[in-house]
Amino acid sequence: MYTQLDIESLFDGKLKIAYLNQPDTMNALTKPSLSDLKDFIKECSEDETVRCVAISGRGRAFCSGQNLDDAFVQGNEHHDNDIIRKIVVDYYNPLVTEITRCKKPVVALVNGPAVGAGAMLALICDFVLAVDKSYFAQAFSNIGLIPDTGGTYFLPKLLGRQLANYLAFTGKRLSAEEAKSYGLVAEIFNEEEFAPKSMEILEKMANMPTAAIKLTKKAFAQSYNNTLREQLELEGDLQQEAAETEDFKEGVSAFLEKRKPNYKGK
């Protein structure tokens, strides 16, 4: 079904991992891989069995950004003057939208270099787990482009205006440790620990009260545009919605009965 992705299903289907599977190009993004990834995220969002989603890369890289051959050779048979705009609007923007509105937590497993659109692919996920040898680079300026894949929206919010400008203007490469110090990465593990430690976190996420996480994501997303009063009102509405879920009832029962909760994500 997915020609550019390798899909792994774990924990009875509660966790789905999509691996970018073009290691010979360091998993450079193509129109087929972008479409595959968008469809994968959308399907996971709607599948009630899936409780957590992850994106990673096969081989030595997470993602090296846009495949320029795909953009300028295969993608421009008719010599369109606005081919870049078409790729951004038709392929990148729909993917960003699906990741940010996914009803499940979306985790980036950064197993190696994440460059350009590959860096932003990781940073638009809900959080990033990275191997210590990985690095992140906003390399758009190196070829005369601006950050896309949500970069101009998220980078100033994640980093503040000055640091976002610095990284976008210079294309400076950040080590995993530097990225963590800037708040771009949640956890770093060495190469031997990366797979097992990441899987521990993903398994935990796959057994969390998914409905509440979905509502938390919604609240955080709307906070960018809300006043404090609007956000407090939203919290009241969403908290009530969370309190009406089966997971909330199970969480309270488990607490009172001094047992481990068995959440269903509903």
Side-chain angles (χ1 to χ4, degrees), residues 1-9 16-47 50 53-128 134 136-155 168:
M1 180 179 179
Y2 301 112
T3 60
Q4 304 277 308
L5 302 179
D6 183 13
I7 307 298
E8 189 172 5
S9 180
K16 291 286 183 108
I17 306 175
Y19 293 91
L20 298 170
N21 194 26
Q22 300 292 313
D24 55 325
T25 64
M26 295 179 69
N27 298 318
L29 295 165
T30 62
K31 291 185 289 295
S33 66
L34 290 162
S35 291
D36 279 357
L37 198 52
K38 177 203 69 175
D39 291 343
F40 167 77
I41 297 293
K42 185 175 182 179
E43 289 172 11
C44 289
S45 183
E46 298 301 326
D47 187 340
V50 178
V53 184
I55 302 171
S56 192
R58 292 297 190 197
R60 63 189 180 91
F62 175 73
C63 178
S64 59
Q66 172 63 40
N67 185 313
L68 296 180
D69 286 338
D70 176 79
F72 293 109
V73 180
Q74 300 176 41
N76 202 14
E77 295 89 348
H78 304 295
H79 306 288
D80 296 324
N81 291 327
D82 59 348
I83 187 64
I84 291 295
R85 183 182 188 281
K86 288 183 176 179
I87 291 174
V88 169
V89 171
D90 294 344
Y91 293 93
Y92 280 95
N93 292 359
L95 173 59
V96 173
T97 299
E98 290 298 337
I99 290 175
T100 55
R101 74 181 181 188
C102 183
K103 298 174 185 176
K104 319 297 167 64
V106 182
V107 181
L109 303 178
V110 178
N111 57 300
V115 178
M120 285 313 309
L121 175 61
L123 298 179
I124 63 175
C125 291
D126 293 314
F127 60 84
V128 177
S134 65
F136 300 77
Q138 297 295 322
F140 301 95
S141 61
N142 295 340
I143 56 171
L145 293 177
I146 72 166
D148 58 26
T149 325
T152 61
Y153 182 80
F154 283 103
L155 282 177

Worksheet item: Rounded to the nearest 0.5 Å, what separation is found between the OG1 atom of T100 and the CD atom of E98?
Response: 8.0 Å
Worksheet item: Nearest heavy-atom pair of S134 and G112: which atoms, and what distance?
Response: CB-O, 3.3 Å
Fill in: side-chain contact (heavy atoms from CB on, under 4.5 Å) between V106 and C125, intermediate numbers included
CA-CA 5 Å; V106 182; C125 291; 3.8 Å; yes
Discussion item. Here's a test for you: under side chain to side chain contact (heavy atoms under 4.5 Å, CB included), which of D36, I55, T97 qualifies with I41?
Written reply: I55
Discussion item. Quick one: does any side-chain atom of S33 pair with a main-chain N or O of T30 as donor and acceptor, under 3.5 Å?
Written reply: yes
Discussion item. With heavy-atom distances below 4.5 Å as the criterion, would you say the side chains of L20 and L5 are in contact?
Written reply: yes
Worksheet item: Quick one: are R60 and P23 in side-chain contact, heavy atoms under 4.5 Å?
Response: no
Item to complete: Could you tell me which non-hydrogen atom of F40 sits nearest to which non-hydrogen atom of I17, and how far apart they are?
Response: CZ-C, 4.1 Å
Discussion item. To check you understand the geometry: which heavy-atom pair defines the closest contact between A168 and S141, and what is its length?
Written reply: O-OG, 3.2 Å
Worksheet item: Does R58 offer a backbone N or O that forms a donor-acceptor pair with the side chain of N111 under 3.5 Å?
Response: no
Worksheet item: Hey, mind stepping through L29 and Y91 against side-chain contact (heavy atoms from CB on, under 4.5 Å) and telling me if it holds?
Response: CA-CA 10 Å; L29 295 165; Y91 293 93; over 6 Å; no
Worksheet item: Which heavy-atom pair separates A122 from V110 by the least distance, and what is that distance?
Response: CB-CG2, 3.8 Å
Worksheet item: When you measure from the side chain of N67 to the backbone N and O of D70, does any donor-acceptor pair fall under 3.5 Å?
Response: yes
Worksheet item: How about E43 and Y2: does a side-chain donor come under 3.5 Å of a side-chain acceptor?
Response: yes
Practice prompt. Output the distance between atom CD (E8) and atom NZ (K16), rounded to the nearest 0.5 Å.
Written response: 11.0 Å
Worksheet entry | Backbone N/O of Q22 and side chain of N27: donor-acceptor pair under 3.5 Å | yes
Fill in: D90 side, atom CG; I83 side, atom CD1 - distance, nearest 0.5 Å
8.5 Å
Item to complete: With rounding to the nearest 0.5 Å, note down the distance linking CG in L145 to CD in Q138.
Response: 12.5 Å
Item to complete: List for me each residue that meets side chain to side chain donor-acceptor pair (under 3.5 Å) alongside K38, sequence neighbours excluded, and say none if there are none.
Response: none
Discussion item. Quick one, L109 and F62 - any side-chain contact, counting heavy atoms below 4.5 Å?
Written reply: no
Practice prompt. Show your working on side-chain contact (heavy atoms from CB on, under 4.5 Å) between Y153 and I124 and close with a plain yes or no.
Written response: CA-CA 10 Å; Y153 182 80; I124 63 175; over 6 Å; no
Response to the item:
CG (L155) and CG (L123) are apart, to the nearest 0.5 Å, by 6.5 Å
Worksheet item: Do side-chain atoms of K42 reach the backbone of L37 as a donor and acceptor pair under 3.5 angstrom?
Response: no
Worksheet item: Looking only at heavy atoms, what is the nearest atom pair of T152 and P147, with distance?
Response: CG2-O, 3.3 Å
Worksheet, complete the sentence: Rounding to 0.5 Å, atoms NZ (K103) and SG (C44) come to a distance of 12.5 Å
Worksheet item: Which atom pair, heavy atoms only, marks the closest approach of A117 to Y92?
Response: CB-CE2, 3.6 Å
Worksheet entry | side-chain contact (heavy atoms from CB on, under 4.5 Å) between N93 and D148, worked out | CA-CA 9 Å; N93 292 359; D148 58 26; over 6 Å; no
